[in-house]
There are 2 protein chains.
Amino acid sequence: MTNNEASIKRARPKRIGLKDVALEAGVDVSTVSRILGGRASLYAEETCRKVQDAAAALHYRPNATARGMATGSTRMVGVTIPGTGYCGRIIEGINKALLEHGHLMLHAWNPDHFVPADDPTQKRIIHELVERQVDGVILRVGSEEFEQTYFEEIWQRGIPMIVVDREMALFKTDFVGTDDVAIGADAARHLLGLGHRRLLFVGEKEIVSTCRLREQGFRDVVSEAPDAACRKVELDLETAVVEDLAPALEGEGHPTGVFCYSDRMVPIFYETARKLGLDIPGDISVVGCGNLSWGKMLAPALSTFEQHPEKIGRKAAELYLERVAEGEQARPAPKIIRVAAELMVRGSTARV
Amino acid sequence: MTNNEASIKRARPKRIGLKDVALEAGVDVSTVSRILGGRASLYAEETCRKVQDAAAALHYRPNATARGMATGSTRMVGVTIPGTGYCGRIIEGINKALLEHGHLMLHAWNPDHFVPADDPTQKRIIHELVERQVDGVILRVGSEEFEQTYFEEIWQRGIPMIVVDREMALFKTDFVGTDDVAIGADAARHLLGLGHRRLLFVGEKEIVSTCRLREQGFRDVVSEAPDAACRKVELDLETAVVEDLAPALEGEGHPTGVFCYSDRMVPIFYETARKLGLDIPGDISVVGCGNLSWGKMLAPALSTFEQHPEKIGRKAAELYLERVAEGEQARPAPKIIRVAAELMVRGSTARV
DNA sequence: CTGAAAGCGCTTACAG
DNA sequence: CTGAAAGCGCTTACAG
């Protein structure tokens with residue numbers, strides 16, 4: 001089974017091309033191209049057989065680069081999304097959906113956080129993607145705060161752009177994400193339903209749409225409960241320490257129901273609660289968002305929202321494929337797709 | 001700042017090519033190609049200026065697809081590695097190193113676990129990568145148990161292959177990973193140093209090199225301590241339940257020092273210990289490997305090895321670049337690079 | 001049912 | 001110091 005011959009001859013052999021197959025089969029390259037390219041029905045059965053046999057015998061693989069030049073489509077999508085954790089699962093979804101349609105991801109990380117508008121690395125990434133003639137780009141912005149002008153090059157050239165997870169203010173693009181307002185609303189309903197009336201929203205200093213919209217949904221619902229009130233604290237995750245959060249949790253009349261807009265705020269929350277001697281969920285309930293892998297290993301396990309990131313990735317890929325299929329015509333109005341999230345109730349939330 | 005014009009005219013404009021720049025500058029395309037391609041020193045200063053001005057005015061971006069056809073190098077590496085967690089950090093390292101050299105990842109997931117030798121999806125992925133003329137492939141195998149024959153296509157064509165993280169038995173390729181034997185040995189030394197003599201190695205049923213080599217390093221060191229003994233249990237992570245591990249931890253003379261070859265075995269270990277009423281680290285110490293993100297949030301925080309996956313990815317990318325630079329000559333002997341891991345001592349290990 | 005030819009957008013000997 | 005031409009490996013009107 002182990003191929004020892006192969007491990008000896010190592011010089012790279014000349015690649016087999018359409019020409020070689022044509023020669024072997026005794027036909028023209030255009031004939032081979034059409035038969036192997038799905039137009040076999042045009043040809044005599046025997047010609048098809050000869051060509052297929054020759055291609056198989058020579059282990060022919062088409063050169064997608066050359067095909068891309070000829071057809072104008074590389075069947076590659078540029079993906080600028082950080083690859084770990086939650087985003088990694090989005091990418092997994094993209095990858096699977098694309099593969100079923102013969103497309104591949106040209107994957108260039110971009111940071112999870114704020115990047116200056118003219119960051120040279122980001123510009124480089126965009127240049128690289130454009131130069132490689134990607135059919136479209138699926139991207140995620142680090143922050144809403146500063147406009148991501150380095151994406152302008154893509155937009156100007158009319159290359160389809162699908163934004164995922166966080167909204168982008170600069171261009172009116174297609175978007176696939178989670179239903180953030182609904183998440184905020186559901187978090188509020190869950191806490192109110194458990195009897196909590198003194199609520200706290202834990203947001204992030206960095207301005208991202210997910211935080212803004214979840215707060216909006218949360219407040220909308222809280223404001224409908226006449227006896228409930230919502231406070232708010234914003235953390236800078238890069239630097240956050242217990243002292244940043246403690247004032248919001250201390251003293252008489254401290255909040256008993258907390259919504260951390262992202263699971264990423266939860267570890268510092270647990271730590272602060274412990275330091276203050278607050279029992280979760282005895283003294284204070286907390287619900288997060290994202291269903292990150294470690295949430296169920298916390299003590300108590302975290303109540304949080306599963307956002308189905310693979311599904312988000314899959315939808316983004318499908319939208320990209322749709323845009324590519326539309327071709328060069330004037331682009332239609334942007335589509336906004338929001339995938340519903342689900343609250344996973346675990347041990348961190350309880351009756352007041 | 002917001003470009004409203006751009007959001008109105010959406011039809012895709014014709015791409016600007018070398019020809020357009022040449023026309024604009026009043027020179028031949030070959031002149032433009034050479035000046036923009038780094039051979040500017042050949043030309044008169046004024047010609048260079050004219051060409052550069054024209055390129056800038058037209059926002060010219062070279063077509064990497066066409067360049068790839070002409071030069072035989074696409075400056076793309078195929079990456080078949082799952083993208084989440086630990087592997088995601090490898091990919092991050094690859095990505096950063098490549099970007100500095102103008103290469104990009106064509107990223108196709110492959111599963112973390114065992115895949116049958118002739119899995120059609122895997123074969124498809126390899127075909128796609130080969131067709132797109134990648135300059136090389138960085139890959140990780142799911143399991144050592146069955147030979148990954150779907151990689152044969154790459155090997156046969158002499159495309160550089162860099163294997164990361166887990167060794168591959170089928171081909172003698174370049175490899176970049178962690179120093180697994182040293183990790184096993186260090187884990188044993190740590191536990192022995194804390195006075196533990198009844199040791200347990202927790203491995204995985206699936207046959208991967210990391211597990212095999214860590215066990216080897218662990219046993220080598222344990223066997224040198226005359227009064228120490230090592231037992232072993234193997235779990236199938238897909239199905240593992242408390243009952244699978246409990247027998248190894250129960251009863252008089254149960255092990256007091258445990259090495260879980262991967263952090264992935266740790267949650268089931270904590271759960272089992274809790275069910276059996278064993279205090280960590282009071283009754284039993286445990287050390288993991290991988291420094292996965294949630295380890296420090298466990299109670300107690302997990303002692304584990306940081307493997308520096310970004311560094312592994314970076315080294316793999318550098319090795320790939322080296323192989324590409326060597327060109328089509330007969331390939332030299334494979335290189336094996338092992339990045340040292342570091343034990344992070346936290347709360348899960350203590351004196352016996 | 002099949003072939004000859006042009007073209008995709010570059011690079012690179014070769015010539016001058 | 002610069003240009004004209006061939007070639008990379010395909011696809012696709014066009015012709016027969």
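In the text below, chain A, chain B and the rest are named by the order of the sequence lines, each starting its count at 1.
Looking at residues two or more places apart in sequence or on another chain, you find a ring pair (Phe, Tyr, Trp, His ring centres under 6.0 Å) between B/Tyr320 and B/His103.
Within the 4.5 Å cutoff, side-chain heavy atoms of B/Gln133 are placed close to those of A/Arg15. Two residues are said to be in side-chain contact when any heavy atoms from C-beta on lie closer than 4.5 Å; A/Ile162 and A/Thr173 fail this criterion.
Nearest heavy-atom pair, B/Val21 versus B/Ala55, reported as atom, atom and distance to 0.1 Å: CG1-N, 3.8 Å. Across A/Ala317 and A/Leu98, no two heavy atoms sit closer than the pair CB-CD2, 4.0 Å. Taking each heavy atom of B/Trp155 and B/Lys172 in turn, the nearest pair found is CH2-O, 3.5 Å. The heavy-atom pair separating B/Arg132 from A/Gly102 by the smallest distance is NH2-O, 3.1 Å.
D/dC8 atom C1' lies 13 Å from atom CZ of A/Arg15, rounded to whole Å. As rounded to whole Å, 10 Å separates atom C1' of D/dG9 from atom CG of A/Asp20. In this entry the distance linking CZ of A/Arg39 with C1' of D/dC10 reads 15 Å, nearest Å. Atom NZ in B/Lys19 sits about 9 Å away from atom P in C/dC10, given to the nearest Å. Spacing between atom CZ of B/Arg75 and atom C1' of C/dC10 amounts to 12 Å, rounded to whole angstrom units. Rounded to whole Å, atom P of C/dT12 lies 14 Å from atom CG of B/Leu36. Here the P atom of nucleotide D/dG9 and the CG atom of A/Leu18 are 10 Å apart, to the nearest Å.
Consecutive Watson-Crick or G-U pairs involving DNA chain C, each under 3.5 Å on both distances, make up stems of three or more pairs at C:1-3 with D:14-16, C:5-12 with D:5-12, C:14-16 with D:1-3.
Distances shown here put every side-chain N or O of A/Tyr60 at or beyond 4.0 Å from the OP1 or OP2 atom of D/dG9. In this structure, B/Ser33 does not reach the C/dC10 phosphate: none of its side-chain N or O atoms is under 4.0 Å from OP1 or OP2.
Looking at heavy-atom distances under 4.0 Å, B/Thr71 makes contact with sugar-phosphate atoms alone, never a base.
Closest-nucleotide positions on DNA chain C for A/Met69 and B/Arg67 were compared, and the one nearer the 5' end corresponds to A/Met69.
Between the CZ atom in B/Arg314 and the CG atom in B/Asn95 there is a gap of 10.0 Å [rounded to 0.5 Å].
Other residues, nucleotides and ligands place more than 12 heavy atoms under 6.0 Å from the NE2 atom of B/His101.
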Practice prompt. Going 5' to 3' through nucleotides 1-6 of chain D, assign each nucleotide B (protein heavy atom under 4.0 Å from a base atom), S (under 4.0 Å only from sugar-phosphate atoms) or - (no protein heavy atom that close).
Written response: BBBB--
